[in-house]
2 protein chains.
Amino acid sequence: MGLVPTQRPLPLDQVLVGDCIAAMNALPASSVDCVFADPPYNLQLGEAGLLRPDQSRVDAVDDDWDKFATFEAYDAFTRDWLAACRRVMKPNATLWVIGSYHNIFRVGSALQDLGYWILNDIVWRKANPMPNFRGKRFTNAHETLIWASRSAESKGYTFHYDALKGGNEDLQMRSDWFIPLCTGEERLKDVEGHKVHPTQKPEALLARSLMAATNPGDVVLDPFFGTGTTGAVAKRLGRRFIGIEREATYAKAAMERIAAVQPLSKAALMVAPTKRAEPRVPFLSVIEAGHIRPGEIVTDERRRFRATVRPDGQLDNGLVIGSIHKIGALVQGLPACNGWTFWHVERAGKPVVIDSYRAGLRQAMANG
Amino acid sequence: MGLVPTQRPLPLDQVLVGDCIAAMNALPASSVDCVFADPPYNLQLGEAGLLRPDQSRVDAVDDDWDKFATFEAYDAFTRDWLAACRRVMKPNATLWVIGSYHNIFRVGSALQDLGYWILNDIVWRKANPMPNFRGKRFTNAHETLIWASRSAESKGYTFHYDALKGGNEDLQMRSDWFIPLCTGEERLKDVEGHKVHPTQKPEALLARSLMAATNPGDVVLDPFFGTGTTGAVAKRLGRRFIGIEREATYAKAAMERIAAVQPLSKAALMVAPTKRAEPRVPFLSVIEAGHIRPGEIVTDERRRFRATVRPDGQLDNGLVIGSIHKIGALVQGLPACNGWTFWHVERAGKPVVIDSYRAGLRQAMANG
DNA sequence: TAACATAATGAATCTAAGA
DNA sequence: CTCTTAGATTCATTATGTT
């Protein structure tokens, strides 16, 4: 590198169409304040395709850009783009990467190998994830973001601790974020009503990341720009962006989308916390918290019906095993029952409704 | 199996004191049903620099070679113990590993490189995490578990889908678990009131993992046994354990702790039979038992489709003869159909699903 | 129009037994 | 080994259609 000749100006608020590594290598070193990257996940899906219980087909991400022959090939790709990012990052810049269990461990390792310094891993808890249709695994209800500084010596990175805390009911912002999927109006669709991009991210996710780790006027680079969520949020928040996208159709959709975005006033940037429905509390959590012991007997208030609490959070009435709701309905011969208000445990000789153990857990679960 | 030469019995419900890799290599291959591992991560950053695995300080944190060597040593260690685990795992065994952003990416990558197949990554959301005192990062409010099968071909792993669902408001259990930290009574303390082990995991975390992925009587191996949470929970849940721990003081504390654990009753641990596990009933048996007569008309619930019951247990829709499933799929134009839940017969003017005749026959088959 | 019912869909590593 | 068949399997939200 050596001498830096007449430096070209940064291509701000634009989308560069082409390979992200080449495009980044054409940018001057130490020139961006933040990177947000949503690289291919390398899903490795089977040939057969997946059917829902209603026999409709799941629209899987089977695009060519997500296919890598081996982990080695994926690792090489990952190292290359991460290294290119690191070169253009200012010394105190930070980088966000999002991924799932398919790829995030490769990405995290590569980050560390290249000298990045992990500040947090963040869990995006999806409000409405796709279920596991075959019942063979836990519902894959989250994705992971890694937030890293350029190196362990980058102590002066931006983090708006107080703003985040103020927007989080004066509690420190935790590493688990509860945010809905990108659907509805926000999801870009073509004239036929099909989604333009298979993996468009919600703006709320980008907004929280960029609010936390950048200042107004900062330059945010996105090497996998897609349909430009990063650009749209950057513009709205008064940040600048540089997008790089290989597919011209995505790039075009992104620029049209961003053109329609209105930047927010400073006052509007102080976002009110999102209202959430009360979180569901699994009955298993009441047992795990020690309020009710496995093997205990639950009864209705007048002790006409009884069942035994199992360690898995189900009830056993001697004939059938099922949820508090199912067994409650069964013993009464009703089609449905709210087990929380129906079942009681004995405490100091008196029946205590199990619903009384829910409130505390709800409060604790609501954070994040 | 063929001939099995004088095989040493497994050291069940014991703690082996020593190096976990040597201890595992002394166990017979394909002998455990599940592994739960809470490995050390010595990649800890000090406030002012990097520590080597032996806790000596790395002077020049910008020394790339030294940094690389540290990760490399950790990776080699990780590969070794994961490979040793894989050898002693039965073909359908699964493995759990827990870690934080310091080490989980190394572990996940090593897993994949060794041929394990990741089934889920699970987020343990802590109810009461340690706050971030300096306000420079998000509160680190979670840890990550990886759940993996021995290989992509291990399709027969244990997963108690229905039990988990029943304890979770009749909804699929998600990949984000909300569980309190290990504190209070549960936390092991020495005579001076200091915690015995720095990273004792909550029993609820182990209980959910082991209930999900093992059956009563299964053998659970924990190569980093510590103060024996895995053993305590395994005993309580009627599973067997093999613990391996390098520090004799931890091993001793673990055995004392486990000795005090009362196992739950067999009845409480009984696994309810799932639909998948129930014996198959030929539709012909329903006819033979007289529940449905040959020549009767079957319809879907809303009577849009119809077919005739043949004496051989097949259906005839006027054009094609085939199984209840095949004809069900055919009339709907779907690739597949569960004929048991699709077809109905008329009884007292109302449609009755033919599946309702299976339960009685199953009962009879079980008794006969 | 309002209320209600039905259909669609989201980064998915998603079956098991028997011939 | 492959091929065939039985039959088990979904949650939250948005979009669309019907009464």
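Below, chain A is the first sequence line, B the second, and so on; all start at residue 1.
By the 4.0 Å N-to-carboxylate-O rule, A:Arg125 lies close enough to B:Asp176 to be salt-bridged with it. Of the charged side-chain nitrogens involved, none lies within less than 4.0 Å of a carboxylate oxygen, so that A:Asp190 and A:Lys195 do not count as a salt-bridged pair. Note on A:Asp38 versus A:Lys201: salt bridge recorded, some NZ/NE/NH1/NH2 to OD/OE distance being below 4.0 Å. Of the charged side-chain nitrogens involved, none lies within less than 4.0 Å of a carboxylate oxygen, so that A:Arg52 and A:Asp54 do not count as a salt-bridged pair.
A:Asn42 comes within 4.0 angstrom of no nucleic acid atom, judged by non-hydrogen atoms across all strands. Within the 4.0 angstrom heavy-atom criterion, base atoms lie near A:Leu45. Looking at heavy-atom distances under 4.0 Å, A:Ser100 makes no contact with the nucleic acid at all. When heavy atoms are screened at a 4.0 angstrom cut-off, A:Pro129 is found touching base atoms of the nucleic acid. Heavy atoms of B:Gly328 sit nowhere under 4.0 angstrom from any nucleic acid atom. Among the protein residues, A:Glu186 comes within range of no part of the nucleic acid, since none of its heavy atoms lies under 4.0 Å from any strand. As judged by a 4.0 angstrom heavy-atom cut-off over every strand, B:Thr341 is placed among residues making no nucleic acid contact. B:Pro282 comes within contact range of no nucleotide atom at all, as no heavy-atom separation falls under 4.0 Å. Within 4.0 Å of A:Trp65, counting heavy atoms only, lies at least one base atom of the nucleic acid. Among the atoms of the strands shown, none is found under 4.0 Å from any heavy atom of B:Ile324. Within the nucleic acid shown, B:Asp121 has no heavy atom closer than 4.0 Å to any nucleic acid atom.
The A:Ala60 side chain lies nearest to C:dA12 when the options are C:dA12, D:dA8, C:dT13. Side-chain proximity of B:Lys165 to the nucleotides D:dA12, D:dT10, D:dG7 is greatest for D:dT10. Side chain of A:Pro131, nearest nucleotide from C:dA11, C:dG10, D:dT9: C:dG10. Of all nucleotides listed (D:dA6, C:dA11, C:dC14), D:dA6 comes nearest to the side chain of B:His325. With C:dA16, D:dC11, C:dA12 as the candidates, the nucleotide lying closest to the side chain of A:Val58 is C:dA12. The B:Trp117 side chain lies nearest to C:dT13 when the options are C:dA11, D:dT14, C:dT13. Looking at the side chain of B:Leu171, the nearest of the listed nucleotides C:dT13, D:dC11, D:dT10 is D:dC11.
Of the possible donor and acceptor atoms, one in the side chain of B:Asn168 sits under 3.5 Å from a partner among the backbone N and O of B:Leu171. A donor-acceptor pair under 3.5 Å is formed between the side chain of B:Arg86 and the backbone N or O of B:Arg150.
Within the structure, a side-chain polar atom (N or O) of B:Asn338 is placed less than 4.0 Å from OP1 or OP2 of D:dA8. Look at A:Tyr101 and you'll find a side-chain N or O under 4.0 angstrom from OP1 or OP2 of C:dT13. Applying the 4.0 Å criterion to OP1 and OP2 of D:dT10, one finds that B:Tyr161 has a side-chain N or O inside that range. For the pair A:Lys195 and C:dG10, the criterion of a side-chain N or O lying under 4.0 Å from OP1 or OP2 is met. Between A:Arg52 and C:dA12, a side-chain N or O to OP1/OP2 separation shorter than 4.0 Å is absent. Phosphate proximity of C:dG10 to A:Lys126: absent, as no side-chain N or O sits under 4.0 Å from OP1 or OP2. An OP1 or OP2 oxygen of C:dT13 is reached within less than 4.0 angstrom by a side-chain nitrogen or oxygen of A:Asn140. OP1 or OP2 of D:dA6 has at least one side-chain nitrogen or oxygen of B:Ser323 nearer than 4.0 Å. Under 4.0 angstrom from either OP1 or OP2 of D:dA6 there lies no side-chain N or O belonging to B:Arg280. Using a 4.0 Å cut-off, some side-chain N or O of A:Lys136 falls inside it from OP1 or OP2 of C:dA16.
Summarising the geometry, the separation between CZ on A:Arg57 and P on C:dA12 is reported as 14 Å, rounded to the nearest angstrom. In this structure, the CZ atom of A:Phe133 is 11 Å from the C1' atom of C:dA8, given to the nearest Å. One atom, CD of A:Glu143, and another, C1' of C:dT13, lie 14 Å apart when rounded to the nearest Å. If you measure from atom CG of A:Leu51 to atom C1' of D:dA8, you get 12 Å, rounded to the nearest angstrom. Atom CG of A:Leu181 is separated from atom P of C:dA12 by 9 Å (rounded to the nearest Å). Taking atom OH of B:Tyr157 as the reference point, atom C1' of C:dA16 lies 13 Å away to the nearest angstrom. We find that CZ of A:Phe68 is positioned 14 Å from C1' of C:dA11, with the value rounded to whole Å. Between B:Asp170 atom CG and D:dT9 atom P the separation is 13 Å, expressed in whole Å.
Of all the residues in residues 352-360 of chain B, B:Arg358 reach under 4.0 Å from DNA chain D with at least one non-hydrogen atom.
In terms of position on DNA chain D, the residue among A:Gly135 and A:Lys189 whose nearest nucleotide sits closer to the 5' end is A:Gly135. The residue among A:Lys201 and B:Gly156 whose nearest nucleotide of DNA chain C lies closer to the 5′ end is A:Lys201. Nucleotides of DNA chain D nearest to B:Arg276 and A:Ala127 differ in position, and the one nearer the 5' end is that of B:Arg276.
Both distances falling under 3.5 Å, in either a Watson-Crick or a G-U wobble arrangement, occur for no nucleotide opposite D:dG7. As the counterpart of C:dA12, no nucleotide is assigned, since no Watson-Crick or G-U wobble pattern has both distances under 3.5 Å. The nucleotide D:dG17 finds its pairing partner in C:dC4, both defining distances of the Watson-Crick or G-U wobble pair being shorter than 3.5 Å.
Of the candidates B:Val331, B:Leu330, B:Ile324, B:Leu315 forms a side-chain contact (heavy atoms from CB on, under 4.5 Å) with just one, namely B:Ile324.
D:dG17 and C:dT1 have their C1' atoms separated by 15 Å, given to the nearest Å. Rounded to whole Å, the C1' atom of C:dC14 lies 15 Å from the corresponding atom of C:dG10. Remark: the separation of the P atoms in D:dA8 and C:dA11 is 30 Å, to the nearest Å.
For the pair A:Arg106 and A:Phe71, the cation sits on the ring face: its NZ or CZ lies under 6.0 Å from the ring centre, inside 45° of the axis. A cation-pi geometry, defined here as NZ or CZ lying under 6.0 Å from the six-membered ring centre and within 45° of its normal, does not hold between A:Lys67 and A:Trp65. A cation-pi arrangement is present between B:Arg358 and B:Trp340, with the terminal nitrogen or guanidinium carbon under 6.0 Å from the aromatic centre and inside a 45° cone about the axis.
Because its glycosidic torsion is more than 90° from 0, C:dT15 is reported here as anti.
If you look at B:Trp177 and B:Trp124, their ring centroids are not closer than 6.0 Å.
Relative orientation of the B:Phe159 and B:Trp147 rings is tilted, given thresholds of 30° and 60° on the angle between their planes.
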